[in-house]
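As structure tokens, the structure follows; a few thoughts come after it.
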Protein chains: 2
Amino acid sequence: MTLKAQFDHTNCGECPIRHRAVCAHCERDELEELEGIKYYRSFEAGQTIIWSGDPMNFVGSVVSGIASLTQTMEDGRTQMVGLLLPSDFVGRPGREIAPYDVVATTDLVMCCFRKKPFEEMMVTTPHIAQRLLQMTLDELDAAREWMLVLGRKTAREKIASLLSIIARRDASIHQSGMAGPIVFDLPLTREAMADYLGLTLETVSRQISALKKDQVITLEGKRHVTIPDMGRLMEEAGDDTDGGFLV
Amino acid sequence: MTLKAQFDHTNCGECPIRHRAVCAHCERDELEELEGIKYYRSFEAGQTIIWSGDPMNFVGSVVSGIASLTQTMEDGRTQMVGLLLPSDFVGRPGREIAPYDVVATTDLVMCCFRKKPFEEMMVTTPHIAQRLLQMTLDELDAAREWMLVLGRKTAREKIASLLSIIARRDASIHQSGMAGPIVFDLPLTREAMADYLGLTLETVSRQISALKKDQVITLEGKRHVTIPDMGRLMEEAGDDTDGGFLV
DNA sequence: AGGGTACTTTGACCGAAATCAAATGGAAAC
DNA sequence: GTTTCCATTTGATTTCGGTCAAAGTACCCT
């Protein structure tokens, strides 16, 4: 996941690269240059943006909506390996071929740069590489945190971990602290949750029902979730209650 | 894992950062500067180099031996989240606290830089950041590949995947192609393999016995492995035979 | 050589999650 | 309004890997 790589977009537009270029160290020309080569693309829910093995000729970041990175085995088993939220970066400079599918989980808008000029920019503008390094290190931490979830947690803990990540992301946007109940809409189907957690969709459904029965969460409809006690949820996830979990 | 981030060390010493600084783009002063602040540390097998939560005041790379990155839950469940081989980088600029344990799996020598001067170098020497970005992106790919292993593969496939990674690393060092049998010593105990694969050590042992019985591998002693047919092993791992697997 | 220790193998049994199957619910389409 | 389609829930059964327990093996150390 990439959730730590988030920015305040309120005053600098929607692109994390540009944001940092404006606000931190860079001169105006660099901004202009990036401005000149950026463009927007929209995708519908379910649409595959990039197929594994295809050439990748752009990089970019999510403006709105959710995308997922997915790996698929020949026999159809699939594992989601990343969840891309607004401001998260997609693509990698110096790599021609996409190593996994990128799929729009919801309707999606991306801000893109053609790869070639972006790579040239990276050489001439050190801060872009440094910024990208920070973001990539955050993603690496998140991926490793998720390896613990996949490798060692029970189905119930996995569900609680996922809910806690989504809740936290929402909490950081909507509320200041994490006291009081947290309310959000699940942006994923049961199947997508299963693909993320390395479970079947039936197990996901059963564990959500169990958490509901045990009053760890409340559901209105299938997607609208209330977390009355975030600390309780994190206990269920097997995490330290004190916020050690990297989102 | 970090196996893709490997270098040819034959003519430039043992440190990947320095290697690139010398051979690719940089001036002599930069090399001198890095030379001046580097130092070596040795560790015995089993020794914990860095504890999760501790302050990290250095970065470095593995010179010889194997280290592992490990996460542990309060109840003792542990998951290895990375395997560090010679030339792999440890630590992250811009991060004070270690997010996981770093443990010497075998006797180990590391080449270290104090973090502060290294970070200063990163600002003044763009190529270091760019090099580090490439390495980190490779590690991220490897971590995501491993998420598929942890989330969706069977115990047998997991073992085959691990053997195939180790075999391939060794093959790349000892032989040019991957035709003919591959021979190597397992650098991990059954328990360490289990921690890497999200299994118990008993299951690891049983699956190794099964692969032996089915003649996918041959064992002499507990650790010395022969792979008569690498393609067969990769089929068992559930990977494309054509080398799609990121090491 | 003997004895200790740590690593590994093997067996018996159990349980959590997968699989197979059917029912329910909810929203869009007719 | 009701039909259709999908997402979801729930149930019955199976299976893979975990757990508990007991040997077996190799290496080290006097």
Side-chain angles (χ1 to χ4, degrees), chain A residues 44-46 73 75-79 105-107 149-163 185-214 217-225 236 238, chain B residues 44-47 66 73 75-79 103-107 149-163 185-214 217-225 236 238:
Chain A
E44 289 174 17
M73 295 172 69
D75 61 6
R77 282 177 283 176
T78 72
Q79 175 67 50
T105 295
T106 64
D107 288 347
V149 173
L150 290 173
R152 291 300 184 194
K153 291 195 177 179
T154 65
R156 171 182 262 243
E157 288 169 336
K158 284 179 175 181
I159 298 288
S161 297
L162 180 55
L163 291 175
D185 283 299
L186 275 175
L188 302 173
T189 65
R190 300 292 186 262
E191 187 177 24
M193 294 174 72
D195 283 343
Y196 202 22
L197 296 167
L199 298 171
T200 60
L201 64 92
E202 294 96 328
T203 299
V204 170
S205 181
R206 276 186 248 274
Q207 294 299 334
I208 288 180
S209 298
L211 288 175
K212 191 168 55 177
K213 184 164 71 64
D214 299 344
I217 62 173
T218 310
L219 272 189
E220 276 144 305
K222 314 289 185 189
R223 298 290 192 90
H224 194 75
V225 180
E236 292 286 355
Chain B
E44 288 175 17
Q47 214 179 332
I66 293 185
M73 295 172 67
D75 62 7
R77 282 176 283 176
T78 71
Q79 175 67 50
V103 182
T105 295
T106 63
D107 288 348
V149 173
L150 291 173
R152 291 300 185 193
K153 291 194 178 181
T154 64
R156 171 182 263 242
E157 289 170 335
K158 285 179 175 181
I159 299 288
S161 296
L162 180 55
L163 291 176
D185 283 299
L186 273 176
L188 302 174
T189 65
R190 300 291 185 261
E191 186 177 24
M193 294 175 71
D195 283 343
Y196 202 20
L197 295 167
L199 297 171
T200 61
L201 66 91
E202 293 96 329
T203 298
V204 169
S205 180
R206 276 186 249 273
Q207 295 299 334
I208 288 180
S209 297
L211 289 175
K212 191 169 54 177
K213 185 165 69 67
D214 299 344
I217 62 173
T218 311
L219 273 188
E220 276 145 306
K222 315 288 184 190
R223 297 292 192 90
H224 194 74
V225 180
E236 292 286 355

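Side chains included, hydrogens not; waters and symmetry mates left out as well; all remaining heavy atoms used. Just so it is clear: chains get the letters A, B, ... in the order the sequence lines come, proteins before strands, and each one is counted from 1.
Between the two ends of the helix from C:dA1-D:dT30 to C:dC30-D:dG1, each summarised by a five-pair axis, the helix axis turns through 30° (rounded to 10 degrees).
Annotation: side chain of A:Thr78 is not in contact with side chain of A:Met73 (no heavy-atom distance under 4.5 Å). Considering only heavy atoms from C-beta on, B:Lys222 stays 4.5 Å or farther from B:Leu186 through its side chain. By the 4.5 Å heavy-atom criterion applied to side chains, B:Gln79 and B:Leu150 are counted as neighbours.
Take B:Glu236 and apply the salt bridge (Lys or Arg N to Asp or Glu O under 4.0 Å) test, not counting sequence neighbours, and it matches B:Arg156, B:Arg232.
Residue B:Gln47 qualifies as enclosed at atom CD: its count of foreign heavy atoms under 6.0 Å is above 12.
Sorted by first then second residue, the salt bridge (charged side-chain N to carboxylate O under 4.0 Å, His left out) pairs that include residues 199-210 of chain A, not counting sequence neighbours, number zero.
With hydrogens and angles disregarded, a donor-acceptor distance shorter than 3.5 Å links the side chain of A:Asp75 to the backbone of A:Arg77. With B:Asp107 contributing its side chain and B:Ala45 its backbone, the two residues share a donor-acceptor pair below 3.5 Å. In this structure, the side chain of B:Ser205 does not engage the main chain of B:Leu201 through any donor-acceptor pair within 3.5 Å. Distance alone, capped at 3.5 Å, is enough to place a donor-acceptor pair between the B:Lys158 side chain and the B:Leu197 backbone.
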Readout for nucleotides 13-19 of chain D: B = base within 4.0 Å of protein heavy atom, S = sugar-phosphate only, - = neither; 5' to 3' it is ----SSB
Which pairs, protein N/O on one side and nucleotides 6-8 of chain D N/O on the other, fall under 3.5 Å?
from, atom 1, to, atom 2, distance (Å)
D:dT8, OP1, A:Arg223, NE, 3.2
D:dT8, OP2, A:Arg190, N, 2.9

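Note: A:Ile159 CD1 to A:Thr154 OG1 = 9.5 Å, rounded to the nearest 0.5 Å.
Close approach of DNA chain C to chain B, defined as any atom under 4.0 Å from a non-hydrogen atom of the protein, starts and stops at C:dT8 to C:dA12.
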**Report entry** Test log, rule side chain to side chain contact (heavy atoms under 4.5 Å, CB included), inputs A:Leu188 and A:Arg223
**Finding:** CA-CA 8 Å; A:Leu188 302 173; A:Arg223 298 290 192 90; over 6 Å; no
